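Ligands are counted one by one from 1 in listed order, and the atoms in each one are counted from 1 as well. Residues take their numbers from the sequence shown, with the count starting at 1. Just so you know, these numbers come straight off a predicted model, no measurement behind them.
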Amino acid sequence: MPGRRIEIAGVVQGVGFRPWVARLARAEGLAGSVYNHAAGVTIEATGPAEALDRFVARLRSEAPAAARIERIEQRSAELEAVGFAIAPSAAGARRVSVAPDRATCADCLAEMRDPGARRHRYAFTNCTACGPRFTIATDVPWDRAHTTMAAFALCADCAAEYRDEADRRYHAEPIACPACGPSLALLDVHGRPIAAADPIAVAAEELRRGGIVAVKGLGGFHLACDAGDEGAVRRLRERKRREARPLAVMVRDLDEAAALAALGPEERALLGGAERPIVLCARKADAPLAPSVAPDTNLVGLLLPYTPLHHLLLAAVERPLVMTSGNRSDEPIAVDDGEAVDRLAGIADRFLVHDRPIAARCDDSVARVIGGAPTVLRRARGWVPRAIPLPAPVEAPILGCGAQLKNTFCLAAGDQAVLGPHVGDLDRLEAFEAYGEAIDRLERFLGVRAVVVAHDLHPDFLSTRYAHTRGGTLVPVQHHHAHAAAALAEHRIEQAIALCWDGSGLGPDGAIWGGEALLVTAAAAERIATFHPVPLAGGEQAIREPWRVALALLDEAFPSAPVEALLPGIDPRAIERVRAVLAAGIAAPASHGAGRFFDAAGALILGMHRARFEGQVAMALESAAAPAVHAALPWTLRDDVLPWRIDLRPAFRALAAAKLAGASPGALAARWHETLVAVGAAVVRRARAAFGPLPAVASGGCFQNARLAGGIHDALGGGLLLHREVPPGDGGIALGQVVVAAAAIARGGG
Ligand code: ZN
Ligand code: ZN
Ligand code: FE
């Protein structure tokens, strides 16, 4: 029989796509089959030509909300078929058949709100378009038996829905209802059950009284408190030992979000999207939020409820809630009830839990609108394990181990790469264990064991040590080459001029890099420009105390500067000690890192002499920058040497003079940003003149700064490709490592 073979690429697996295709085909009276394979979904269909045309048109226009079709190709084929079937997946399909978790859909919400419905107020309502996926999967393929729902036998009503092709829960693996599914419980501070007819109402009451409640979410526990209650927020910070980092706030809906922050259409789309990340938004001056929620910044991280439990809790408590990951500072998020009670004892007053186990730790993702479009800053729930297509299939499975802080890993097999969930800073044993477990799990899901292992050049990173425990072919990858290669892969380009600006990364010369412009392909990176370096007096200590960097710059740039007036509050004896270290030139490694210059500018402009976490000072500086000031400070670029030298000392000299003349911090912070914008744009233009009209990409933690990244993007007329699906910071490094290693293996190196 004449028919067609239709190839579909995109997000088409684990989203109820094949059952939907089967329904559509049968509705059009077609025969044939649909199946998954490594590159997507293939449909073989026969029937009248008009019906086939209609079918293909409807594939495009009516696809399920969770699916994302990137490409449909069709050609004629001779087929034999009776009826329309879902065929088994093609052999050798090395791809994760599990989809990312998705926020509760509108249909399920409506059902939960309907007093006559079976699932009225049911906290585990889900369907094929929404609900838990990656966080409850214990194995592959995606099937209820391989989820933490396996222990819950379906009741007759749920089983009927599951089997009914016309039902929106047809083959919804985590399907549940009050008769057969998980249920909620409330525990006291010792983990003992508290009798409560409605645990949500009791938890809400505790929150309204200023209490702290640990809430079991999708990928781990949250700690919740009233976001408008300064006493409660301070208590949470003290107990959690989280001094300064901003806390995320969950709001009931977009209206409540709009009361707290200025939302553009992109922020609204991100907040309401199925991935449901924390979205960094511009906080309104009169937002009724406790000051301790997000000190030092005019941004606030907002998120909307993404599980039925969150919806019910937010509706009951009727106010925004701080929702921060359930851990002590820097530990991985807690997942088991027992583990949570142990580790969160002394922090939480109550535990709102349930009996559906969490199979995988997965933090909330964080996103921000930069240069007019969303960028994922922390990639975890909602994105993992969505695959990133590679330009060519890898010859053997490759693991990228990542870096150290805010780490992720990446596993490449076939023509796809999968970034693992954010596991946090690898300097803690708990985080390191969680990292190894997450790698094992993803390798199992993909059915591969990586034989090529790519790692950072830094010998002391725990990710590098992990690489050495693995064996196989080890491929060391320079940090900024990896940043740039991640951008190449994301934008599907082969060669680019890459601005790689971050805090630090080891260069092949043993120096600390981080203010680099590279002429880059996956195979090679040439350093074409860098910042004139600054010595870090005391090494790591200069990162925690940015005034040390400011002092080094001022002494070089402005020898007669009245340092005591420019760095008020710093003990003169400490200044002399640091000067002695700088003069001796030992314990003062030179750094090219753009992040260090931001720190130094923050110390000078804002008087922030200490950083409690990486990026704190730069974040405050961005917040302080006056929107209407656009004049840059002086700087120079020497291009008679390669790499070209960008010298920011004139900018520091001008900053110091302006500060002494009484300029406002807001104006100076703005001028600092405009300076770095001018530097970035000038380097790209000059590199294009020298090396040809190549695309330009930006990567590195500095490009989480929207004024900087968006500014260079605008200055180049939109000609700077920013990260979107891959984090610009070290959370994107692992993808670049894989790409560089693949190129090394392909040319027989490695
Ligand atoms: Zn749903
Ligand atoms: Zn049921
Ligand atoms: Fe980096």
Could you give me a count of protein N/O/S atoms that are under 2.8 Å from the Fe ion (ligand 3)? 4
Which N, O or S atoms belonging to the protein are less than 2.8 Å from the Zn ion (ligand 2)? Cys155 SG, Cys158 SG, Cys177 SG, Cys180 SG
Can we say Glu516 and Arg527 salt-bridge, meaning some charged N sits less than 4.0 Å from an Asp/Glu carboxylate O? yes
Centroid separation Trp501 to Phe531 less than 6.0 Å: yes
If only atom types and distance count, is the side chain of Ser365 paired as donor or acceptor with the main-chain N or O of Arg381 below 3.5 Å? yes
Arg68/Glu275 ion pair, N-O < 4.0 Å: no
May I ask you to say whether Glu62 pairs ionically with Arg23, meaning some side-chain N is under 4.0 Å from a carboxylate O? no
Given the Zn ion (ligand 1) as the apex, I'd like the angle to SG of Cys108 and SG of Cys130, rounded to 10 degrees. 100°
Taking Arg102 for its side chain and Ala129 for its backbone only, find out whether a donor-acceptor pair lies under 3.5 Å. yes
For the Zn ion (ligand 1), angle spanned by Cys105 SG and Cys127 SG (nearest 10°) is 100°
Under the side-chain contact (heavy atoms from CB on, under 4.5 Å) test against Phe409, which residue among Val738, Leu399, Ile733 passes? Leu399
Taking the basic N atoms (NZ, or NE/NH1/NH2) and the acidic carboxylate oxygens, is any pair closer than 4.0 Å for Arg379 and Glu490? no
